[in-house]
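Here's the structure we're looking at; comments come further down.
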Amino acid sequence: MTAPVLSLKDACVRYGDLTAVEGVSIDLHGGETLGLVGESGCGKSSVARAISGLNPLSSGTMMVQQEDVAVKLRTDRRFLADRVQLLFQDPVASLSPRLTVGALLAEPLKIRKIFNADTWAAAIALLQDMGLGEQFLSRYPHQLSGGQARRVALARVLTAKPRIIVADEPTAGLDVSIQGDMLNLLRALRDRLGLSYLFISHNLNVVGRVTERVAIMYLGQIVETGKTGLLFRDPAHPYTKALLSSNLTIDPQRRRERVILKGELPSPRNPPSGCRFHQRCPLARDICAVRQPRLETQADGRMVACHFPLSGGSEAMAG
Amino acid sequence: MTPSLLSIRNLDVSYPTSRGHARILIGVDLDIARGTSVGLVGESGSGKSTLALALLGLLPENAEIDAQDAMFDSCPDALSPATAQRLRGSDIAMIFQDPMTALNPLFTIGTHLVDIQRRKFPHASQADLWARGERMLVRVGVSDAGNRMRRYPHEFSGGMRQRVVIAMALLVEPKLLIADEPTTALDATIEAQVVDILRDLRSELSAALLVVSHSFGLIAELCDTVIVMYAGTIVETGPVNVVLHDPRHPYAQALLACEIEPLSSIEAAEPLVTIPGTVPDPANRPVGCVFAARCPARHDRCIEPPPLVSQGQGRSFSCWLGVSL
């Protein structure tokens, strides 16, 4: 196994007295799409911002291409930005309404002081690759559809020639007939340019379809991680199981037995004792309120943080 | 056959623009029987929200609304501004999409729940209305309701606020409850809770339900009948289990094919299905079938408006393919 292109170890992100991310470790390999899944407030966006350099890590280390990012940044300010780029969730909001598509595309080249005839031609070729011809160069963001705005944002990100793209909800708000286009494009670009994606989404059907591995977050921690097929077919953590079962499907025969969780997500400002999920877990026992489970590797290679992981998904979970 | 609660024939909605009339709804027929649940599904620009807002009389003033027939509960002319206003909030209630903006931040939850009842029950005492509000809050699964009545919206999470919005809609005992994307703004596990509540309430209530959503999953979960809309027209309608498992209109087929099936397609290598092309400009619509430009089964007759074909099991769809040649 080759070394990961990105490796996060025991990462914590704190905002004042709020710990949004606690002890998260992630390895992203070359050419891979890793899904990061969880509900509002679970810390997935904080992880995305930390990896793309928008939020410093409060503690823990981040390695990119086997170099310690904190160390490299001391001598090379562009170290992270040249390798990791964030594709923002709201593409229209991430494009300045005062700039044309052409100006928006030239901006990252000018910032890097590499704007010349060759790089500009390459940028235009990139845009054409995405199905946006030269007539789009003079348009403003408000003249673009949601799908087109996303392509422009993606072209901007790619002009930096990153190795890793953090895609934050890349299909949120797109109609299903367009969503497939965006996902097909992302996959084609990954395979052609050898990119790796950290793919953040709350849409489990999409994550199941486009990721090789997945990490499930709950209240700032990873509760289960491993091969997507393994986790989605046979979730071992009761939260993963509940999350997957809440996915609405059109086919009642394929519907999982629904696990309706009680209550709301607790506040990360004041996380529960022991296992953070114990108050909502239908299988919680006494120890769960006291001792925090560690993320441990299972026989099938996945990692689960649970005192009583479900084996083979056969355990009955009464909702 | 249950008696019809709402019956609309040939509804057109358009807006004057500098480029001519933008036609948002064209010839829409809508029937809702008492106590049934109808799902309205379509992508952005399909006109599903316009249809829901027309029923509530909430379209902008420059909207030109024209219907051959609009009967609500033996009340003719249900879409006229005066009638729609009278029905709104008493016989027709709405659950809005975004619970964050549907509540007034300056008023307590109790005030919201009391005020909504005043039109329907003008002679009831404040204490009675308060008690009804509190009981309804319990019924939609809000614990500690007595205390929560005195709280403000910002003290509630998204899921809790959506329960309050549902409670408000139910308190007026409407004959028709319209839910516009009622769970889109919620997290997955909270969405499951709210869907569960809506399904429970359905079996207890006499109200008919109109669910407007882009999600086939939600419609399959909550509805008996589904209406598939495209570019302001109804392309297919019928029982949920018939249409969702065996769609006949090429657009309904294409849209369902775009849905990513959970489990069956994990790690599948082939590209995802899409519908090439774009929705026609409402100010410049094609003469024949609106879907023809994107339709894989397009043929010569599609330049003429397609007929409505009725088939068994209560299904009908609007396509030349249904006509045996």
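Fair warning: this is a prediction, and the values are worked out from it, not measured in the lab.
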(message) Looking at B:D187 and A:S40, would you say the former's side chain and the latter's main chain have a donor-acceptor pair under 3.5 Å?
(response) yes

(request) Could you check if a side-chain atom of B:R294 sits within less than 4.5 angstrom of a side-chain atom of A:S177, using non-hydrogen atoms only? (result) yes

(request) Please examine the side chains of A:R187 and B:L272, heavy atoms only from C-beta on, and report whether any two atoms are closer than 4.5 Å. (result) no

(message) Show the nearest heavy-atom pair for residues B:Q193 and A:L261, with the distance to one decimal.
(response) NE2-O, 2.5 Å

(request) Name the region of B:E191, side chain, backbone, both or neither, that has any atom closer than 4.5 Å to a heavy atom of chain A. (result) side chain

(request) Give, as side chain, backbone, both or neither, the part of A:V206 having an atom under 4.5 angstrom from any heavy atom of chain B. (result) both

(request) Give a yes or no on whether B:Q313 atom CD has more than 12 heavy-atom contacts from other residues, nucleotides or ligands under 6.0 Å away. (result) no

(request) Among B:S157, B:S44, B:A192, single out the residue with the greatest number of heavy-atom pairs under 4.5 Å to chain A. (result) B:S44

(request) Would you give the length of the straight line joining atom OG1 of A:T249 to atom CG of B:L244, rounded to the nearest 0.5 angstrom? (result) 10.5 Å

(message) Less than 4.5 Å to any heavy atom of chain A: does that hold for the side chain of B:I219, its backbone, both, or neither?
(response) neither

(request) For the pair B:E43 (side chain) and A:L174 (backbone), establish whether a donor and an acceptor sit closer than 3.5 Å, ignoring hydrogens and angles. (result) no

(request) Could you tell me whether the side chain of A:E39 and the main chain of B:T189 form a donor-acceptor pair under 3.5 Å? (result) yes

(request) Could you grab the distance from atom CG of B:L186 to atom NE2 of A:H202, nearest 0.5 Å is fine? (result) 10.5 Å

(message) Once rounded to the nearest 0.5 Å, what's the spacing between atom CD1 of B:I275 and atom CD1 of A:I178?
(response) 8.5 Å

(message) Could you tell me if the side chain of A:Q179 sits less than 4.5 Å from the side chain of B:I260, heavy atoms only?
(response) yes

(request) Go through A:G180, A:S145, A:A188 and name the one with the most non-hydrogen pairs under 4.5 angstrom from chain B. (result) A:G180

(message) Counting heavy-atom pairs closer than 4.5 Å to chain B, which one of A:L265, A:L183, A:L244, A:V176 comes out on top?
(response) A:V176

(request) Starting at CG of B:L218, measure out to CG of A:L248 and round the result to the nearest 0.5 Å. (result) 6.0 Å

(request) Write out all pairs satisfying salt bridge (Lys or Arg N to Asp or Glu O under 4.0 Å) with one or both partners inside residues 230-247 of chain B, taking only residues at least two apart or from two chains. (result) B:E236-B:R315, B:D246-B:R248, B:D246-B:R315

